[in-house]
Amino acid sequence: MLVRQLTVAGQGTRGAGPPPHLADLEPGERRAAVEQLGQHGYRGDQLSRHYFGRLTDDPADMTDVPAASRGPLVEALLPCLLTAERDISCDMGQTRKTLWRAVDGAYVESVLMRYPGRVTMCVSSQAGCGMACPFCATGQAGLTRNLSAAEIVAQVVAGARALARGEVPGGPGRVSNVVFMGMGEPLANYSRVLAAVRRITHQVPDGLGISRRAVTVSTAGLVPAIGRLAAEGLPVRLAVSLHAPDDALRDRLVPVNKRWNVAQVLAAAWAYAAATGRRVSIEYALIRDVNDQAWRAEALADLLSAHLAHVNLIPLNPTPGSRWTASEPGAMREFERRLALRGIAVTVRDTRGTEIDGACGQLAAAGRAGGAAGRPR
Ligand code: SAH
């Protein structure tokens, strides 16, 4: 039923793209946009305070704006970009995945994960993904389009709003962390992702006021873009999806490796660590009998020792139709032990949301939507 609805909803609307939104604009541009509508520039600040501070885009809440101006201002600068098509929860409501439909019928997903003392929003940066990693559900559907900065920010705002209103079990709360580990390759949508990071991290009323150090940008390894990010002077965390220490295997697991290989990706990662002073996360999905051999743990340790790195081992989440599965617990422990013995910081990532397909790499709205948002392969 869902598949049918999604397919129909997507028909005939592709290609239009998202309308512009306040969250696409720098603060100065917001004032100019408001003046173009014949309103006082400071109304831009008021709208920003409502959206980023009070987390509302409902004209009824904007009692400091003349009633007659609210409608036109909201229509022009705070249009609804994403509609929740479906919400699924697990972990007693503390993990929640949302399937969003954009105005042009593209689908994306975000995941909210509440832990003791922190809440992480995992957001999508693109509808679909062009990286084609064979173990990743999103990668199977291909790229539909880049999300706008405001569409990315809207995912965080939605989570922040649900927390502020006490809709997530555990009492009212705030989003503390944002990870670009949903659908898409963030560095392939560079300028919009950067604008979204600014909105997410600037103080209210310019943005959501989340710490820059609590934002993680994860990449399959787009080397020039890693260099560009290093030069931004933003202390966001970089995560590199390595998954193999050798080019022969990484060429298969992360096809963009044929363009920028392991040595080039890691050189860019170390330059990033040097520029920002921040430890780089090395993501490594453990796939049974594919990349989990003891010798590969040693080869990985050879590459990482003496560098500012932290390894996140992720038991593979098997995706439909894939012949690959997670490593045996014993193999995982041995892989972790060998890295630790070599002095490498390593943790096994918890895989929140597995049962709602909300775990790493399982976000595949495009595939499930029967091609509404993705190019079938
Ligand atoms: N394009 C970005 C973001 C992708 S999603 C990137 O490649 O980093 C975030 C992480 O989940 C990446 O490390 C990705 O390789 C990993 N991932 C994808 N599919 C997975 C799966 N089925 N099991 C475990 N991790 C997966």
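Order of appearance sets the numbers: ligands from 1, and atoms from 1 within every ligand. Numbers for residues simply follow the sequence, beginning at 1.
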TODO: Verify whether one side chain among Arg43 and Gln46 offers a donor that lies under 3.5 Å from an acceptor in the other.
DONE: yes
- [ ] Would you check if there is a donor-acceptor pair between the side chains of Arg30 and Ser48 at a distance under 3.5 Å?
- [x] yes
Under 4.0 Å from any heavy atom of [X], which atoms of ligand 1 are there?
X      : result
Gly184 : 1 (N), 2 (C), 3 (C)
Ala220 : 6 (C), 7 (O), 8 (O)
Glu283 : 13 (O)
Cys136 : 18 (C), 19 (N)

Open item on the list: So, 4.0 Å and heavy atoms of Gly182: is ligand 1 close enough to count as a contact?
Closed with: yes
TODO: Answer with yes or no whether Ala188 contacts ligand 1, where contact means a heavy atom under 4.0 Å from a ligand atom.
DONE: no
- [ ] Examine Tyr51 together with His21 and report whether their ring centres are nearer than 6.0 Å.
- [x] yes
Task: N/O separation below 3.5 Å, Cys129 to ligand 1 - done: no
Open item on the list: Taking the basic N atoms (NZ, or NE/NH1/NH2) and the acidic carboxylate oxygens, is any pair closer than 4.0 Å for Arg198 and Glu26?
Closed with: yes
Open item on the list: Checking contacts here: is it the side chain or the backbone of Thr219 that comes within 4.0 Å of ligand 1, counting heavy atoms only? Could be both or neither.
Closed with: backbone
Open item on the list: On a heavy-atom basis, I'd like to know which of His243, Glu185, Met181 is closest to atom 15 (O) of ligand 1.
Closed with: His243
Task: Arg161 side chain vs Leu55 backbone, donor-acceptor pair below 3.5 Å - done: yes
TODO: Tell me, please, which residues at least two apart from Ser241 pass side-chain contact (heavy atoms from CB on, under 4.5 Å).
DONE: Ser218, His243, Glu283
Task: Any pair counted as salt bridge (charged side-chain N to carboxylate O under 4.0 Å, His left out), so long as it reaches residues 312-340, sequence neighbours left out - done: Arg288-Glu328, Glu298-Arg338, Glu334-Arg337, Glu334-Arg338
